[in-house]
Amino acid sequence: MNAKRLSRFLPPFLFAILMQFVAFFTLTHAAVAPTGDHLALLAIKSMIKVDPQGVMTSWNHSVTNFCQWQGITCDLRHHRVIILDLSSSGLIGTLSPLVGNLSFLRAIWLENNSFSGEIHPKIGRLFRLQELDLSINSFTGNIPATIMNCSNLQVLNLGNNNLVGKIPDRIGALSMLNTLILRVNILEGGIPSFISNLTLLETLYLGNCQLGGSIPDVFQRLRNLRTLVVSDNNLTGAIPPSFYNCSSLEEVFLDHNQLNGRLHENLGLKLPRLQCNHAVEIHTNHIDSGFWNNDYL
Ligand SMILES: *[C@@H]1O[C@H](CO)[C@@H](O)[C@H](O)[C@H]1NC(C)=O
Ligand SMILES: *[C@@H]1O[C@H](CO)[C@@H](O)[C@H](O)[C@H]1NC(C)=O
Ligand SMILES: *[C@@H]1O[C@H](CO)[C@@H](O)[C@H](O)[C@H]1NC(C)=O
Ligand SMILES: *[C@@H]1O[C@H](CO)[C@@H](O)[C@H](O)[C@H]1NC(C)=O
Ligand SMILES: *[C@@H]1O[C@H](CO)[C@@H](O)[C@H](O)[C@H]1NC(C)=O
Ligand SMILES: *[C@@H]1O[C@H](CO)[C@@H](O)[C@H](O)[C@H]1NC(C)=O
Ligand SMILES: *[C@@H]1O[C@H](CO)[C@@H](O)[C@H](O)[C@H]1NC(C)=O
């Protein structure tokens, strides 16, 4: 169980009480009548072909209280699954569409495994979901547009997969997003203009996604954006004017594109939080850095 991440979802005293309950239930083996969550979890397990670390060994019928299963955190009042954490477990398989039945889920952390197949549209049923991390897997197919229904999403990380197609415009409806990571996929189209609506966005990674076109002028209202990475794409054109209004920026990676134009000569004034070491990474473009020397950039 990832206690640090988990503690973000619960106030400290509740976290302590939860840990007490986990210990208590483990000792007493309290049996609870099966629910839909129980069946959905068994369906998820049935799609896992290889579990080299045995993280799902505890997911068996002899332990009827699924809240004790490794990687599961429950809401004790409702006895429903709120966190599914099977990250870095070496799992090989597909993700059952029945994950969409775990309707109390607030976080899915499945990063760094070998999940393949599509991200099923039923993921859109999880309207309480705040974090979805499926990065570093082998998911294929399109990013499901139904994800717009997960209107409480704050973190969406689908990076390092084999996802194809356009970034669905409907992601623009996820107004709570603070982290959007789609890097290293085989997407098409350009950087979507709906980004301008994601005013709470702090981290945007769209590097190495095969995106083309120009960088849209979408930064005007992004008052919280700290990290912008769009490197290793096929972006053309100039850096848009509103980029220089985005004074919260700390790190910017624009390198390995075909951008052109000239960096604003008052870059340091416009973007005062840029860190010297990272600053604006622009190499392998046709951008004239003006008097900004390349060691700084
Ligand atoms: C999953 O949810 C669907 C729609 O609510 C329902 O028909 C189905 O029986 C559920 N499956 C399980 C295993 O709970
Ligand atoms: C079921 O889970 C229990 C508790 O983790 C474990 O001791 C037991 O070996 C498991 N049984 C099977 C058949 O995997
Ligand atoms: C990925 O998971 C493996 C175990 O399956 C672990 O050894 C490795 O450190 C993890 N990598 C990352 C980047 O978390
Ligand atoms: C998404 O929400 C719409 C409207 O609220 C609903 O009609 C649709 O069935 C939902 N999709 C999923 C996958 O839950
Ligand atoms: C941005 O949000 C407004 C309402 O706040 C909505 O009308 C518009 O369609 C959204 N644009 C995109 C590209 O999602
Ligand atoms: C850029 O576009 C060219 C021609 O369409 C393509 O061959 C190349 O792979 C693309 N590069 C990236 C990084 O997407
Ligand atoms: C954005 O920057 C331009 C010039 O750099 C300036 O004229 C404009 O007032 C700024 N807009 C906002 C909302 O800060």
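FYI, side chains are in, hydrogens and waters are out, and symmetry mates aren't considered; it's all heavy atoms of this structure. In listed order, ligands and their atoms are each counted from 1.
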Single hit among S88, S87, S89 for side chain to side chain donor-acceptor pair (under 3.5 Å) with D85: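 The side chain to side chain donor-acceptor pair (under 3.5 Å) with D85 is passed solely by S87 among S88, S87, S89.
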
Distance-only side-chain donor-acceptor flag, [X] / [Y], under 3.5 Å:
| X | Y | answer |
| --- | --- | --- |
| S103 | R80 | yes |
| N160 | S135 | no |
| Q258 | N234 | yes |

Nearest candidate to atom 12 (C) of ligand 1, where distance is taken over non-hydrogen atoms, out of D37, N101, L39: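 The residue whose heavy atom sits nearest atom 12 (C) of ligand 1 is N101.
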
Whether E111 lies under 4.0 Å from ligand 3, heavy atom: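 No.
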
Do me a favour and list the nearest non-hydrogen protein atom to [atom] with residue, atom name and distance?
| atom | value |
| --- | --- |
| atom 4 (C) of ligand 1 | R125 NH2, 3.3 Å |
| atom 8 (C) of ligand 3 | N112 ND2, 3.7 Å |
| atom 5 (O) of ligand 3 | Q53 NE2, 3.2 Å |

Numbering as shown, the atoms of ligand 1 that approach L98 to under 4.0 Å (heavy-atom distance):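 It comes down to these atoms of ligand 1: 1 (C), 11 (N), 13 (C).
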
Per-atom contacts, ligand 3 versus G90 - under 4.0 Å to a heavy atom: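 Every atom of ligand 3 under 4.0 Å from some heavy atom of G90: 5 (O).
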
Note, I215 side chain near N257 side chain (heavy atom, < 4.5 Å):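 Side chain of I215 against side chain of N257, heavy atoms only: no contact under 4.5 Å found.
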
Side-chain donor/acceptor of K270 to backbone N/O of H264, under 3.5 Å: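 Not at all, since once roles are kept as given, no pair shorter than 3.5 Å links the two residues.
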
